[in-house]
2 protein chains.
Amino acid sequence: MHDPSTVGLPRPWRATRQRAAVLRSLRDAADFTSARELHEALTAGGTRVGLTTVYRTLRMLEREGRVDIVRDRTGERLYRPRPTDGHRHYLVCRRCGLSLAVAAEAVERWADDVATDTHFSAVEHTVELSGICEQCGARPDRDASHQ
Amino acid sequence: MHDPSTVGLPRPWRATRQRAAVLRSLRDAADFTSARELHEALTAGGTRVGLTTVYRTLRMLEREGRVDIVRDRTGERLYRPRPTDGHRHYLVCRRCGLSLAVAAEAVERWADDVATDTHFSAVEHTVELSGICEQCGARPDRDASHQ
DNA sequence: TTCGTTGCAAAAGGTTTGCATACCA
DNA sequence: TGGTATGCAAACCTTTTGCAACGAA
């Protein structure tokens, strides 16, 4: 059923033009970006990549823990390269999309405590913070003309 | 554009057989439940309700703040009637679906602090905790035979 | 009688999969 | 050359919307 010698080993993965392009595009993006946005940016820049490949590359990065992921309110997944080791939490402006990494030691500690108290194992947590940033709060209009 | 006399007033809403059925079904559900599951339970129980109506009722409850909502990992929305005033956070078992409401004052305080520090306004937070419950952790099999 | 509600069907999104082709190692 | 990656189209799923018919107040 399983070949014991390969179980758990990361599969070798090939360096291709498309994957390099997706990675570059993801790093160039200022903030959290959706698969569709990445694909549009690549296409607009003259790089021919299939939307499917963008999704597959993002899934690969997700499996390897190399991206942070949040969901916007429609359920769309937004990706950002993970800056260092360990994960981060972000505060995202609902109006203009600006995102800030925030200190979250308190949440990490709380999650650990919850795991201990409930006797659950392998506890994972997702925290999503959203609000209106200072700049957007100052202007009552709807669009995100700054940034 | 707006009739000032009605702005902000909750619309009158009619008591119908279908809404009553959805509400009852939601209360009867042991844990977080999806629209599809509610609809299947109702249909199986002989109550004819359209899936559309289930969704519309859940949206109404959401607007009125009468349900807690989490997303499972596929992005599907799961609903549960909100027990008291104020929102709750839950720890959900990834194997059997068991959910526990957990104390989250630490997170609430942290969210408030973040709002203050960043000068963001109208800060909202979503926290999702998942893990493996004690019972599931004890049995290595995949299914959720207990509960 | 009025106007909110229902339900079907269809649309709308985002995401995944089947499969023949292309291409890295 | 062998097996992975690609890309198109189509499938999938959940959720929303258009619209004619229904029914609570």
Side-chain angles (χ1 to χ4, degrees), chain A residues 3 5-6 9-26 29 32-64 66-67 69-80 97 128, chain B residues 3 5-6 9-26 29 32-64 67 69-80 128:
Chain A
D3 175 350
S5 71
T6 63
L9 285 176
R11 286 258 198 75
W13 58 280
R14 289 182 182 169
T16 65
R17 174 182 66 78
Q18 290 91 335
R19 280 181 186 166
V22 172
L23 289 169
R24 195 176 340 109
S25 181
L26 186 62
F32 279 95
T33 316
S34 68
R36 187 183 37 76
E37 285 168 340
L38 285 174
H39 181 245
E40 280 171 7
L42 287 165
T43 302
T47 309
R48 290 193 27 128
V49 181
L51 179 57
T52 307
T53 298
V54 175
Y55 274 110
R56 281 197 276 235
T57 303
L58 291 172
R59 269 186 53 178
M60 182 192 74
L61 294 172
E62 179 181 1
R63 275 197 304 273
E64 296 183 358
R66 292 167 58 189
V67 284
I69 304 176
V70 300
R71 280 183 192 277
D72 68 13
R73 31 193 54 197
T74 73
E76 189 175 25
R77 286 215 270 269
L78 307 179
Y79 301 81
R80 163 183 262 200
E128 284 169 30
Chain B
D3 175 350
S5 70
T6 62
L9 285 177
R11 288 259 197 71
W13 58 279
R14 289 182 183 169
T16 64
R17 172 182 68 76
Q18 291 91 334
R19 279 181 185 167
V22 172
L23 288 170
R24 195 176 339 107
S25 181
L26 186 63
F32 280 95
T33 317
S34 68
R36 187 182 38 75
E37 285 168 339
L38 286 174
H39 181 247
E40 280 171 8
L42 288 165
T43 302
T47 309
R48 289 194 28 126
V49 181
L51 179 57
T52 306
T53 298
V54 175
Y55 273 110
R56 281 197 276 235
T57 303
L58 290 172
R59 269 186 56 178
M60 183 192 75
L61 293 172
E62 180 181 359
R63 276 197 303 273
E64 295 183 357
V67 284
I69 303 176
V70 300
R71 280 184 193 276
D72 69 11
R73 31 194 54 198
T74 74
E76 190 175 25
R77 285 216 268 270
L78 307 178
Y79 301 81
R80 162 183 263 198
E128 285 169 29

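Proteins get letters first, then strands, A, B, ... in listed order; numbering begins at 1 in each.
- Between the NE2 atom of B/His39 and the C1' atom of D/dT16 there is a distance of 15 Å, rounded to whole Å.
- Using a 4.5 Å heavy-atom cutoff, the side chains of A/Leu23 and A/Arg66 are in contact.
- Between B/Leu51 atom CG and C/dC8 atom P the separation is 10 Å, expressed in whole Å.
- Side-chain atoms of B/Arg17 come within 3.5 Å of backbone N or O of B/Arg48 as a donor-acceptor pair.
- A side-chain contact (heavy atoms from CB on, under 4.5 Å) with A/Arg56 holds for exactly one of A/Val54, A/Thr52, A/Leu58; it is A/Thr52.
- Here the P atom of nucleotide D/dT14 and the CZ atom of B/Arg71 are 13 Å apart, to the nearest Å.
- Contact check, B/Arg48 against C/dC8: a side-chain N or O comes under 4.0 Å of OP1 or OP2.
- Separating the CG atom of A/Leu58 from the P atom of C/dG14 is a distance of 14 Å, rounded to the nearest angstrom.
- To the nearest angstrom, P of C/dT5 lies 13 Å from CG of B/Leu23.
- For B/Arg59, a side-chain nitrogen or oxygen approaches OP1 or OP2 of D/dT17 to under 4.0 Å.
- Proximity of a side-chain donor or acceptor of A/Arg77 to a complementary backbone N or O of A/Ile69 within less than 3.5 Å is not detected.
- Proximity of B/Arg36 to the phosphate of D/dT14: a side-chain N or O atom is located under 4.0 Å from OP1 or OP2.
- When rounded to the nearest whole Å, the span between CE of A/Met60 and C1' of D/dT6 equals 14 Å.
- Side-chain N/O atoms of B/Arg77 include one lying less than 4.0 angstrom from OP1 or OP2 on D/dT16.
- Each of A/Arg17 and A/Ser34 was assigned the nucleotide of DNA chain C with the nearest heavy atom; the assignment lying further toward the 5' end belongs to A/Ser34.
- Nucleotides of DNA chain D nearest to B/Arg56 and B/Ala15 differ in position, and the one nearer the 5' end is that of B/Arg56.
- Separating the CD atom of B/Gln18 from the P atom of D/dA24 is a distance of 9 Å, rounded to the nearest angstrom.
- Using a 4.0 Å heavy-atom distance criterion, A/Thr16 is classed as a sugar-phosphate-only contact.
- Looking only at side-chain heavy atoms (C-beta outward), A/Tyr79 and A/Leu61 stay at 4.5 Å or farther from each other.
- Between B/Tyr55 and the phosphate of D/dT16, there is no side-chain N or O to OP1/OP2 separation shorter than 4.0 Å.
- Contact check, A/Thr52 against D/dG7: no side-chain N or O comes under 4.0 Å of OP1 or OP2.
- Per the geometry, CZ belonging to B/Phe32 stands 18 Å off C1' belonging to D/dT14, to the nearest Å.
- With hydrogens and angles ignored, no donor-acceptor pair under 3.5 angstrom links the side chain of B/Arg14 to the base of C/dT5.
- Between A/Arg19 and D/dA5 there is a side-chain polar atom (N or O) within less than 4.0 angstrom of OP1 or OP2.
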